[in-house]
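This report concerns only the one structure given below.
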Amino acid sequence: MEDKKLITVYIEDKPYRVKPERSMLDACLTLGFDLPYFCWHPAMHSVGACRQCAVKQFRDENDKKGMLVMACMTPAAEGVRISIKDPEAVEFRSKVIEWLMLNHPHDCPVCDEGGECHLQDMTVMTGHVYRRTRFKKRTHRNQYLGPFVNHEMNRCIQCYRCVRFYNDYAGGRDFGVFAAHDNVYFGRQEDGVLQSEFSGNLVEVCPTGVFTDRTLKAHYTRKWDLQTAPSICVHCGLGCNVIPGERYGTLRRIRNRYNGQVNGYFICDRGRYGYGFVNSERRIRHPYYVTCGASGEKEENKLDEGKALPHAKSLLQGAKGTIIGIGSPRASLEANYLLKRLSGPENFYAGFSGRDFNLVRRIISILTGGPIRTPTLKEVAEADAVFVLGEDVPGAAPMLGLALRQAVRQKPVEAAKKSGIPVWNDYAVRMAVQNDKGPLFIAASAATRIDPLAEGVFHGAPEDIARLGFAVAAAIRPDAPAPQGALPEAAARLVPLIAARLKTASRPVIISGTGAGSMAVIGAAANIAKSLLESGKGPGLCFVVPECNSIGLGLLGGKNLKEAVAAARQKRADTVIVLENDLFDRLSAPEAEALLAARQVIAIDHLPNHTVSMAHMVLPAAAFAEGTGTLVSNEGRAQRFYKVYVPGGQIEESWRWLAQLLAATGGAEFFTLDDVDRALAEEMPVFGGVPAAAPPADFRMSGLEIKIPRQPHRFSGRTAIHADVDVHEPKPPVDPDSPLSFSMEGFDGRPPSALISRFWAPGWNSVQAVNKFQSEVGGQLHGGDPGKRLIEPASKGPSLSYFTGIPPAFKRAWDKSLFLIVPLYHVFGSDRLSALSPPVAELVPSPYLALNPEDARDFTAREGAEIRLLIEGVSFRLPVRFDASIARGVAGFPFGLPGLHGVELPAWGRIEVKMSGWAEKSAGREWGEGEAGDV
Amino acid sequence: MFSILRAIWTVFLHLFRRKVTVLYPEEKPRIPPRWRGRIILSRDPDGGERCVACYLCAVACPVGCIALQAAEDEYGRRYPEFFRINFSRCIFCGFCEEACPTCAIQLTTDFEMSEYYRHNLVYEKEDLLISGPGKHPGYNFYKVAGLAIKGKDKGENENESPPVDVKGLLP
Ligand code: SF4
Ligand code: SF4
Ligand code: SF4
Ligand code: SF4
Ligand code: FES
């Protein structure tokens with residue numbers, strides 16, 4: 001069925017039907033033509049700066065002369081006639097490249113962009129071969145831009161994409177273009193770490209090798225030599241699609257994998273640079289069991305190939321009582337499910353902290369129980385009014401922050417559109433929009449990085465944030481429960497404004513999540529969404545969850561970890577299996593110790609941690625790039641990630657260890673991932689979509705027997721890589737779990753979207769090849785974007801009722817040394833796995849306690865002075881940081897930083913000033929201190 | 001009968017022809033300089049390693065018998081951390097030499113590489129690196145590339161102007 005809104009354009013005198021409101025460049029690329037470009041970017045549209053996309057435009061079929069125009073600045077209108085092949089246009093384009101190359105250094109062999117360079121591709125495409133100029137080349141000095149991005153300014157072709165991305169699209173403020181005429185310089189005002197959490201995208205946005213991946217440089221490999229597979233980022237709950245690349249058995253880099261509904265063209269620096277933990281020296285590579293040495297110290301006994309399973313089996317069969325399983329929100333759905341099978345549902349405990357358990361359960365009951373839809377990231381970016389309730393969006397889920405930066409542009413861009421400016425005409429739109437912003441309101445514990453974009457901001461305790469939310473819901477629909485008593489003045493002022501903005505919006509979105517640690521905040525967000533729904537809107541309700549599989553684990557069920565502690569304390573747990581989890585992150589130290597005091601503890605994990613150090617047997621688990629499995633994102637999207645390479649040692653996917661244990665102890669037999677997914681889908685209807693999240697292992701491209709290769713067809717060195725060990729080339733590993741092969745041979749066309757291992761097309765070696773994989777530029781991938789949403793709003797059935805349980809207003813403790821300690825989030829640090837990667841670790845802030853300066857004055861006049869904080873019997877020694885955005889009586893505690901864990905926030909804590917007799921120790925936790933009941 | 005006699009006669013005549021058999025190995029044959037024999041890695045005129053670990057030879061190699069890993073010294077100069085050629089696979093096609101942008105990898109006139117064990121045909125960088133520039137005496141890649149390395153700052157190349165003063169506005 002043809003869309004009536006399509007128009008006809010003529011390219012080389014042939015008619016084509018295309019969508020209007022696009023540029024001709026966009027239309028040409030969508031139609032599959034090869035037309036060179038530089039400054040145009042599918043997410044940032046046209047500015048017409050580079051003159052590379054020149055084509056001939058003709059007035060009508062009789063016009064033989066035509067005129068050169070820039071395709072990216074030519075609207076696709078009914079009857080537009082252009083020619084790409086016109087000799088004059090061809091020559092013009094090759095001259096443009098030649099000019100751009102005047103100053104370009106002779107760098108390709110030592111340039112990290114080489115082999116995936118848009119400039120190389122376009123140079124070849126236009127046919128410019130020999131340098132004719134005899135003049136000297138302009139040179140530039142480079143800058144140090146931090147641990148993520150390398151700078152080599154000589155290679156710049158002045159396309160302005162970097163500034164347009166960094167400043168205009170991602171809202172960065174520490175980057176720009178300097179100098180004049182042909183000297184323009186792209187960088188920072190002085191050397192220093194790039195401040196934007198999206199800086200790594202410069203690597204992909206820049207069409208040349210000016211900005212390259214600094215972490216890749218440390219173990220440089222060309223794109224054609226990387227073995228890659230589709231994967232999912234594991235560093236927050238959003239489930240951005242990524243492409244990890246491997247060479248010689250180590251992970252080399254992460255690149256964005258386009259998914260039109262999720263991350264689009266970009267990922268954040270946490271996801272791009274957090275991979276280092278996979279290559280860690282400390283990885284557990286062999287199974288071992290622990291015995292007590294002669295002098296009483298622990299001895300690790302490595303188990304040889306084939307010995308681990310019998311040992312684990314004997315442990316399980318020798319269990320003198322209950323075997324309990326503790327799942328993990330960072331392990332795959334399959335691993336959690338098989339653990340649940342192994343321990344039995346009654347002995348399976350979701351590995352959340354007690355607080356997260358309740359919060360995630362509430363989120364799931366809201367999403368699955370009612371008619372409210374949770375939006376995709378793309379839909380958030382298209383929202384025209386947003387209210388963030390209790391969440392530090394950039395800190396907890398960076399890419400959602402990038403989506404909000406686009407959402408605030410929606411309203412003004414619509415206004416520009418009404419005045420006749422097409423959306424793709426980026427510069428004109430930005431001139432029309434100026435600093436106008438659409439409605440965004442933020443209620444959070446402290447200032448967040450997107451506060452400057454917001455129309456209204458409220459900072460307060462979680463109780464007051466929740467009350468603000470309830471008040472807004474009541475203002476939208478009077479039948480929604482309203483909070484008793486007055487709101488803080490700053491909040492009360494916002495209520496009518498927020499309500500009015502949300503009510504008049506056509507695509508309002510409410511964002512909340514587990515970040516505030518408050519059930520009431522989540523309830524309030526649901527009430528606002530419900531009140532909007534009842535007033536005839538289709539609101540989106542988006543929840544931020546802490547980990548990559550929080551929703552998957554929540555849907556799978558399981559009991560609260562606190563109950564496991566109780567069971568252990570009552571000696572009802574004989575054997576404990578801990579799946580990819582450090583219980584000391586989830587429980588207080590005494591609780592975790594009580595649980596791990598069980599007679600036998602088996603830990604399955606990839607890196608040593610406190611829990612692993614207390615286990616009696618340890619099985620080495622695959623990290624995300626070494627295994628295949630499914631994760632469920634905050635949106636309820638089940639997405640498959642694939643083994644990129646076979647890790648060394650005896651590392652196996654957690655689910656495979658568990659499947660083998662299950663079979664060994666007489667349970668059901670699962671051989672492949674598909675077996676597990678099928679069983680899961682049959683057992684729990686909510687997971688019915690999991691097998692369909694990606695093609696099954698026996699999938700083959702129609703009529704072909706061959707698999708889809710993980711290695712590019714140019715993969716080099718296959719007869720030399722292993723030659724130092726053995727001159728006989730090893731047989732490639734088999735992969736029973738996916739239609740992908742560990743080889744360069746196989747189907748070389750365009751695979752289904754969930755199986756795209758790299759973006760490459762003939763003539764398009766750079767990431768710009770993504771155009772060839774989309775059904776329209778910036779739209780979905782051919783065959784639909786990957787992943788399967790498990791949760792869709794119920795159109796019929798019981799509708800969610802309003803949450804009541806409105807908390808009383810936050811009241812400062814009478815005792816001035818008591819504070820409500822709330823968690824604060826950091827892009828680098830709040831996620832533990834990425835913080836283990838050396839380049840990310842460089843940017844993790846050192847621990848602190850944030851206090852309102854007015855409050856801080858009661859203890860110290862000096863920022864940075866050390867105080868002691870006691871929370872539920874745990875004591876921390878921390879320097880004070882002044883933060884005027886924090887409410888009086890509230891203190892901010894950086895979540896997840898090394899050394900800062902084992903407490904559930906928000907909680908009341910006591911602050912003590914430094915007393916004589918304190919040992920001078922660095923900030924952080926004082927182990928073993930703190931008596932229960934101290935607070 | 002006649003043909004047998006004719007054959008004997010022909011063989012007899014050969015006694016007076018010039019000998020083509022070379023008494024190898026006592027006598028060495030003359031190998032033309034463009035012969036494609038054992039591969040070496042050369043050095044630039046300054047004595048530095050020429051190979052910049054660009055991977056082009058490896059990707060050009062039709063049998064995939066070159067593997068290497070790039071590394072960088074503290075001044076930004078690239079070199080291969082390891083460089084391995086599996087001569088038991090090499091077909092001496094010379095594609096690697098043709099692909100090399102720095103004239104580092106070169107095929108030589110040496111063909112005497114027989115070994116009793118295949119693994120002795122796996123050459124590492126120590127086995128490949130020679131002490132001179134080989135067939136291309138003058139070329140020094142870093143004199144034309146834009147990268148700064150030790151002893152050569154930005155703008156000091158053969159064909160470069162000094163670095164731009166970003167604060168200057170003069171035309
Ligand atoms: S930016 Fe591209 S064209 Fe320029 S040196 Fe690097 S690889 Fe070569
Ligand atoms: S640095 Fe890269 S993105 Fe920026 S103007 Fe130069 S070539 Fe374009
Ligand atoms: S000569 Fe041919 S086969 Fe031998 S290493 Fe070079 S490219 Fe490979
Ligand atoms: S092509 Fe030349 S410079 Fe590049 S890796 Fe091979 S030998 Fe080294
Ligand atoms: S892409 Fe059209 S002018 Fe740059």
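Within every chain, numbering begins at 1; the chains are lettered A, B, ... in the order of the sequence lines, protein sequences first and strands thereafter. The model shown is predicted, which means the values in this text are computed figures rather than measured ones.
- Between chain A and the options B/A67, B/C65, B/P163, B/C57, heavy-atom pairs under 4.5 Å are most frequent for B/P163.
- Counting non-hydrogen atoms of other residues, nucleotides and ligands closer than 6.0 Å to CZ of B/F95 gives a total of 12 or fewer.
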Task: Test log, rule side chain to side chain contact (heavy atoms under 4.5 Å, CB included), inputs A/V725 and B/H119 - done: CA-CA 9 Å; A/V725 185; B/H119 63 245; over 6 Å; no
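- With chain A as the partner, the residue from B/G168, B/A71, B/G76, B/G155 showing the most heavy-atom pairs under 4.5 Å is B/G155.
- Only the side chain of A/N154 has a heavy atom closer than 4.5 Å to any heavy atom of chain B.
- Between A/K137 and B/E158 there is no salt bridge, since no side-chain N of the basic residue sits under 4.0 Å from a carboxylate O of the acidic one.
- Sparse packing is recorded around CD of A/E745, with 12 or fewer heavy atoms of other residues, nucleotides or ligands lying under 6.0 Å away.
- Here the shortest heavy-atom pairing between B/V63 and A/T719 reads O-OG1, 3.0 Å.
- The number of heavy-atom neighbours closer than 6.0 Å to CD of A/Q189, taken from other residues, nucleotides and ligands shown, is 12 or below.
- Interface remark: of the candidates B/C61, B/A58, B/C100, B/A58 forms the most heavy-atom pairs closer than 4.5 Å to chain A.
- Contacts between B/E160 and chain A at a heavy-atom distance below 4.5 Å involve backbone atoms as well as side-chain atoms.
- For A/F135, the part lying under 4.5 angstrom from a heavy atom of chain B is the backbone only.
- Only the side chain of B/E124 comes within less than 4.5 Å of a heavy atom in chain A; its backbone stays farther off.
- For chain A, the nearby part of B/V122 is the side chain; its heavy atoms alone come within less than 4.5 Å.
- Residues A/R222 and B/L56 fail the side-chain proximity criterion, which asks for heavy atoms closer than 4.5 Å.
- Between B/F141 and A/H106, some side-chain heavy-atom pair lies under the 4.5 Å cut-off.
- For chain A, the option among B/C54, B/G64, B/A70 with the highest count of heavy-atom pairs below 4.5 Å is B/G64.
- Both the backbone and the side chain of B/L147 come within less than 4.5 Å of a heavy atom of chain A.
- Between chain A and the residues B/N157, B/I85, B/V144, B/T102, the largest count of heavy-atom pairs under 4.5 Å involves B/V144.
- For chain A, the nearby parts of B/R84 are the backbone and the side chain; heavy atoms of each come within less than 4.5 Å.
- Proximity to chain B involves both the backbone and the side chain of A/H140, based on heavy atoms less than 4.5 angstrom apart.
- Within the 3.5 Å criterion, the main-chain N or O of B/L68 finds a donor-acceptor partner in the side chain of A/Y248.
- The most heavy-atom pairs under 4.5 Å with chain B, out of A/N183, A/T139, A/D726, come from A/T139.
- A/D107 places no side-chain N or O within 3.5 Å of a backbone atom of B/A145 that could act as its donor or acceptor partner.
- Rounded to the nearest 0.5 Å, atoms CG (B/N159) and CZ (A/R131) are 5.5 Å apart.
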- [ ] Evaluate the side chain to side chain contact (heavy atoms under 4.5 Å, CB included) criterion for residues A/T221 and B/Q69: first the C-alpha distance (whole Å), next the side-chain angles of each, then the deciding distance (0.1 Å), finally the verdict.
- [x] CA-CA 7 Å; A/T221 308; B/Q69 173 58 53; 4.3 Å; yes
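- A 6.0 Å sphere centred on NZ of B/K150 holds no more than 12 heavy atoms belonging to other residues, nucleotides or ligands.
- Heavy atoms from other residues, nucleotides or ligands lying under 6.0 Å from CZ of B/F16 number more than 12.
- For a residue to count as touching a neighbouring chain, one of its non-hydrogen atoms must lie under 4.5 Å from one of that chain's; by this rule B/R118 touches chain A with backbone and side chain alike.
- Contacts of A/D724 with chain B are made by both backbone and side-chain atoms, with heavy-atom separations under 4.5 Å.
- For A/E281, the CD atom counts as loosely surrounded, since its 6.0 Å shell holds 12 or fewer non-hydrogen atoms of other residues, nucleotides or ligands.
- Both the backbone and the side chain of A/F178 come within less than 4.5 Å of a heavy atom of chain B.
- Residue B/L121 does not touch chain A at all, counting heavy-atom pairs closer than 4.5 Å.
- For B/K152, the NZ atom sits in a packed shell: over 12 heavy atoms of surrounding residues, nucleotides or ligands are nearer than 6.0 Å.
- For chain A, the nearby part of B/D153 is the side chain; its heavy atoms alone come within less than 4.5 Å.
- Counting only heavy atoms from C-beta outward, the side chains of A/D225 and B/Y55 approach each other to under 4.5 Å.
- The candidate from A/E152, A/R247, A/R134 with the greatest count of non-hydrogen atom pairs under 4.5 Å with chain B is A/E152.
- With respect to chain B, the highest number of heavy-atom pairs below 4.5 Å among A/A723, A/A180, A/G115, A/C111 belongs to A/A723.
- Taking 4.5 Å as the limit, every side-chain heavy atom of B/E72 sits out of range of all side-chain heavy atoms of A/Y220.
- Contact annotation: the side chain of B/Y142 approaches that of A/V110 to within less than 4.5 Å [non-hydrogen atoms, C-beta and beyond].
- The NZ atom of B/K154 lies 11.5 Å from the CZ atom of A/R138; values are rounded to the nearest 0.5 Å.
- Separation of atoms CG (B/N86) and NE2 (A/H722) is listed at 12.0 Å; rounding is to 0.5 Å.
- Crowding of B/Y24 atom OH: a count of heavy atoms from other residues, nucleotides or ligands under 6.0 Å exceeding 12.
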